[in-house]
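Have a look at the structure below before the remarks.
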Amino acid sequence: MSDRPVRVRFAPSPTGPLHIGGVRTALYNYLFARQQGGTMILRIEDTDQNRFVPGAEEYIMEGLKWVGIHIDEGPREGGPHAPYRQSERKGMYAQYALDLVEKGLAYYAFDTAEDLEQMRKRLEAGGMQPQYDSVSRMSMTNGLTLPADEVQRRLDNGDDYVIRIKLPRKEEIRFHDIIRGWVVVHSGQLDDKVLLKSDGMPTYHLANVVDDYLMGISHVIRGEEWLPSAPLHVMLYRYLGWEDVMPQFAHLPLLLKPEGNGKLSKRDGDRLGFPVFPLEWKDPKTGEVSSGYRETGYFPQAVANMLALLGWHPSSNQEVFTMDELIQSFSLEKVSRSGAKFDVQKAFWFNHHYLLHTPVDEIYPLVLPKIQEAGYTADEAYAKSVIGLVREKVQFASQIVDAGYYFFEEPRGYNEEVVRKKWKPETNGLLQKLADTFNAMDSFGPAATEETFKAWCETAGIKPGELMQPLRVAVSGEPVGPPVFEMLALLGKDRVVRRLQHAAATIVASQA
């Protein structure tokens, strides 16, 4: 690493909801910046006004905040390099493009849309790559083919033009990527990208490089999809005279579909039933609603932890990290070059872990609305006890009330498979006697209940295991759930006795 102060940026375009892959890019920038004692910048790259979507910028900021990514400089926070929206910096970019034209490193191009289409068709017909490059530019209408006075006349006339970079015809462009090592690209493979559009707005390439320079960006950590643009950016740094302060590059691997064949998309989430956006998003044009991790019930810590491990491999086998632990452990050198497959089950696993280890007091506000929606009445202490027991069996806080409904109402039925396999003609009589035994108890705590049950089974001449599942089903209706005796203790003696008596009177053993 260089001696420069570490300054990184996450630079999304407000063209819609922030993809979870973008959140991972922001997270890696944040972890690196915090570990190095550096600065995390949010820059909104909204130079393409045709694709601007209302509400997207606010969505991006809220999504990052929810996951736990804190911005040091940005549109909301301000900072020494404000403004942090490219559309508000519009006036500063043209001078750099014009400076390159003066130096002979860029040129005016007056080609119409028809001219460009004809060029593409001509090159394709000849079996060549249809691009505006060091060869094809010499047959087009631009400052390299027109006399200087004709160029000036067109400019004075107000003719439409763009400014294109003039790339060398035969040169190896080399740069070092922290993740991928040395990258070498021949300039003949690149086209003369537009730097300044006809409306005076810069393209991504020019604005990106100028802003990174002016904001003192030390490291550009971005997605693999930008790797093909990196040689162009290297040339821009060189042409503008900033090569000695060019940031170090790190291009992150793609986030892949669960099957591994291609980039993770919204359609994959719809198909497999998981979100691909951090927050719920409602399309302002169509009204279509896309699910979000927050609204689905994920803990933000679980999402951050999951994303960190999608492409980064810690030195140890540790899987669960706090944000502080991620900051201490993260290393760009440990980021994989190959794509990371999204694992839905692993996402569930992380959320389940945080559900188990989050204080019940913090989970209660998430569960209370579900209790109220179901029409149940329960005091806070009882509801928290239910949460403590049931959360081991679910992945989301929102599932607790449904999974443990029998703590709030009588069993809705009895699991047919358990009745078929475990119920014997004598089971009902045993449950009735067990109910009488429980009813005679003074204390009904978990330990006392378990001790009484085992002692009663011994007296009755049966193994406790024979009656354990019928006991559970008689009381809850369900084949699985929290530890039986903790469940009985929380339900209380009266309810348990009543349910055992009802089950003994109503369940009919299978005749098979």
Side-chain angles (χ1 to χ4, degrees), residues 1 6 8-13 17-36 40 45 63-64 67 69 174-185 204 208 212 217-234 247-269 272 274-278 293 302-319 321 323 326-327 329-347 349-350:
M1 302 294 175
V6 168
V8 301
R9 81 319 191 258
F10 179 56
S13 298
L18 179 61
H19 188 277
I20 202 70
V23 178
R24 186 194 62 171
T25 297
L27 177 65
Y28 282 10
N29 274 277
Y30 177 69
L31 296 177
F32 180 75
R34 286 292 179 268
Q35 185 192 74
Q36 300 293 322
M40 175 73 179
E45 302 205 335
L64 297 179
V67 174
I69 297 171
R174 301 168 58 88
F175 67 94
H176 186 266
D177 187 284
I178 295 171
I179 296 169
R180 297 162 195 280
W182 283 100
V183 178
V184 182
V185 177
Y204 166 82
N208 174 275
D212 283 351
I217 300 302
S218 63
H219 295 77
V220 169
I221 305 167
R222 59 187 177 188
E224 182 183 314
E225 61 269 28
W226 293 110
L227 187 57
S229 299
L232 171 66
H233 298 168
V234 170
Q248 295 184 57
F249 292 102
H251 288 88
L252 307 175
L254 291 175
L255 205 52
L256 303 176
K257 303 170 189 282
E259 310 92 87
N261 57 342
K263 190 176 177 181
L264 182 70
S265 71
K266 177 183 177 299
R267 284 188 293 277
D268 298 312
L272 297 169
F274 63 87
V276 294
F277 304 126
Y293 279 87
V303 175
N305 202 154
M306 170 195 73
L307 287 177
L309 294 177
L310 282 173
W312 167 68
H313 305 286
S315 300
S316 66
N317 292 323
Q318 183 177 348
E319 286 193 292
F321 293 81
M323 187 66 87
L326 284 174
I327 289 168
S329 304
F330 183 73
S331 163
L332 284 172
E333 286 80 6
K334 292 282 186 181
V335 174
S336 172
R337 296 183 188 185
S338 54
K341 287 193 288 187
F342 185 87
D343 186 339
V344 184
Q345 295 306 315
K346 199 67 178 178
W349 183 88
F350 274 115

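Scanning both residues, R337 and G181, for their nearest heavy atoms gives NH2-N, 4.3 Å. Nearest heavy-atom pair, L18 versus P278, reported as atom, atom and distance to 0.1 Å: O-CD, 2.9 Å. Across all their heavy atoms, G311 and A340 have their closest contact at N-CB, 3.7 Å. For the pair S338 and P253, the tightest heavy-atom approach, listed with the atom from each and the gap, is O-CB, 3.1 Å. For the residue pair L256 and G260, the shortest heavy atom distance occurs at CD1-O, 3.7 Å. Taking both residues in full, the closest heavy atoms of A347 and M306 are given as CB-SD, 3.4 Å, listed atom of the first, atom of the second, then distance.
To the nearest 0.5 Å, the span separating CG on L64 from OH on Y30 amounts to 11.0 Å. Taken from CD1 in I69 to CG in N29, the straight-line distance is 9.0 Å, to the nearest 0.5 Å. Interatomic distance, OG of S265 versus CG of L255, reported as 11.0 Å (0.5 Å rounding). Between Q318 atom CD and N305 atom CG the span is 8.5 Å, to the nearest 0.5 Å. Note that NZ of K341 and CG of N261 are 9.5 Å apart. Values are rounded to the nearest 0.5 Å. The line from CG of L310 to OG of S336 is 11.0 Å long, rounded to the nearest 0.5 Å.
The backbone N or O of A308 lies less than 3.5 Å from no partner atom in the side chain of R24, so there is not a single donor-acceptor pair. Of the possible donor and acceptor atoms, one in the side chain of D177 sits under 3.5 Å from a partner among the backbone N and O of H251. Using a distance-only test at 3.5 Å, with no hydrogens or angles considered, no donor-acceptor pair links the side chain of H19 to the main chain of K266. Remark: the backbone N or O of E45 is paired with a side-chain donor or acceptor of S13 at under 3.5 angstrom.
Not counting sequence neighbours, the partners of A250 by the side chain to side chain contact (heavy atoms under 4.5 Å, CB included) test are I178, I179, I221, L332. With sequence neighbours left out, P314 forms a side chain to side chain contact (heavy atoms under 4.5 Å, CB included) with L309, W312, F321. For Q345, the side chain to side chain contact (heavy atoms under 4.5 Å, CB included) partners at least two apart in sequence or on another chain are D343, F348. Residues passing the salt bridge (Lys or Arg N to Asp or Glu O under 4.0 Å) test with K346, sequence neighbours excluded: E319. In this structure, the side chain to side chain contact (heavy atoms under 4.5 Å, CB included) partners of P17, at least two apart in sequence or on a different chain, are Y59, F277, W281. In this structure K257 satisfies the salt bridge (Lys or Arg N to Asp or Glu O under 4.0 Å) test together with D268, sequence neighbours excluded.
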(message) One pair to check against side-chain contact (heavy atoms from CB on, under 4.5 Å): I327 and Q36. What are the steps and the verdict?
(response) CA-CA 9 Å; I327 289 168; Q36 300 293 322; over 6 Å; no

(message) Please evaluate residues E225 and K263 with respect to the criterion side-chain contact (heavy atoms from CB on, under 4.5 Å), reporting the C-alpha separation (whole Å), side-chain torsions for both, the decisive distance (0.1 Å), and the verdict.
(response) CA-CA 10 Å; E225 61 269 28; K263 190 176 177 181; 4.0 Å; yes

(request) Please assess V6 against M40 for the test side-chain contact (heavy atoms from CB on, under 4.5 Å), listing each intermediate value before the final yes or no. (result) CA-CA 9 Å; V6 168; M40 175 73 179; over 6 Å; no

(request) Could you check V8 against R34 for side-chain contact (heavy atoms from CB on, under 4.5 Å), going step by step and ending with a plain yes or no? (result) CA-CA 10 Å; V8 301; R34 286 292 179 268; over 6 Å; no

(message) Under the criterion salt bridge (charged side-chain N to carboxylate O under 4.0 Å, His left out), I'd like the reasoning laid out for E224 against R180: C-alpha separation, chi angles, the key distance, then a yes or no.
(response) CA-CA 10 Å; E224 182 183 314; R180 297 162 195 280; 3.3 Å; yes

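Two residues are said to be in side-chain contact when any heavy atoms from C-beta on lie closer than 4.5 Å; F175 and H233 fail this criterion. Inter-residue side-chain proximity for L264 and P258 is flagged as met; some heavy-atom pair is nearer than 4.5 Å. When side chains are defined from C-beta on, F330 counts as touching V335, because their heavy atoms get closer than 4.5 Å.
Remark: aromatic rings of F342 and F274 are close, center separation under 6.0 Å. For H219 and F32, the distance between ring centers is under 6.0 angstrom.
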